[in-house]
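Owing to the predicted nature of the structure, the values given are computational and were not obtained by experimental measurement.
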Amino acid sequence: MLDYTDRAYWQGTIKMSLSKFFVLCVLHQKRMHGYEVVQAVQRTTKGCCSPTEGTVYPVLNEFEAGGYLTSHSEIVQGRERKVYTLTGKGREAFQTAVDAWLEATDCIIAGKAAADAMNRSRGKAKYTC
């Protein structure tokens, strides 16, 4: 049975959900190879979302199969690497994802404000993220 009071559960759920978003995000900035995507996501999120190569490559394959990105082989630092580039459809998907996440973020912030107000009225300490 899942423990919904366990912060690790929620962090894992968030990281899983955000991984696809941040793969699109970093590829929206520039084309890059898979390991570079892993590093860029980790850097962009300051470690909040740190997908493994085992997580990123299936996402890249899924996006490529759907026409959201293309790939080609290229020599990078002396090694042959598969380099990924967002397509127009991929850029559109990224913008749709941004809009959806911003809407969810607004709801989360509103929910937190309501919970904080309720806690203040009950004399409880304020919860901070």
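Among the candidates Leu24, Thr85, Leu27, the single residue satisfying the side-chain contact (heavy atoms from CB on, under 4.5 Å) test with Leu69 is Leu27.
Note that CZ of Arg43 and CD of Gln39 are 6.5 Å apart. Values are rounded to the nearest 0.5 Å. For the atom pair NE2 of His33 and OH of Tyr84, the computed distance is 11.0 Å after rounding to the nearest 0.5 Å. Here the SG-CG distance, from Cys107 to Leu102, works out to 11.0 Å after rounding to the nearest 0.5 Å. If you take CH2 on Trp101 and CZ on Phe22, they are separated by 8.5 Å, rounding to the nearest 0.5 Å. Interatomic distance, Gln11 CD to Leu18 CG, rounded to the nearest 0.5 Å: 12.0 Å. Distance check: Ser71 OG to Leu60 CG gives 9.0 Å after rounding to the nearest 0.5 Å.
Sorted by first and then second residue, the pairs that involve residues 44-64 and meet salt bridge (charged side-chain N to carboxylate O under 4.0 Å, His left out), not counting sequence neighbours, are Lys20-Glu62, Glu64-Lys82.
A donor-acceptor pair under 3.5 Å links the side-chain atoms of Tyr57 to the main chain of Tyr35, judged by distance alone.
For the pair Lys89 and Gly66, the tightest heavy-atom approach, listed with the atom from each and the gap, is NZ-O, 2.8 Å. A pairwise comparison of heavy atoms in Val59 and Thr55 identifies CG2-O, 3.4 Å as the closest pair. Considering every non-hydrogen atom in both Val37 and Val23, the closest pair reads CG1-CG2, 4.1 Å.
Under the salt bridge (charged side-chain N to carboxylate O under 4.0 Å, His left out) criterion, Glu92 pairs with no residue at all, not counting sequence neighbours.
Annotation: side chain of Val41 is not in contact with side chain of Val56 (no heavy-atom distance under 4.5 Å).
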Inset, instruction - Step by step, work out the side chain to side chain contact (heavy atoms under 4.5 Å, CB included) result for Phe21 and Val98. - result: CA-CA 8 Å; Phe21 172 81; Val98 167; 3.7 Å; yes
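Ring orientation note: the planes of Tyr9 and Tyr4 are nearly perpendicular, at an angle over 60° on the 30°/60° scale.
Val26 is not connected to Val83 by any chain of hydrophobic side-chain contacts under 4.5 Å among Ile, Leu, Val, Met, Phe, Trp and Tyr, and they are in different clusters.
Around the CD atom of Glu103, the shell of radius 6.0 Å holds no more than 12 heavy atoms that belong to other residues, nucleotides or ligands.
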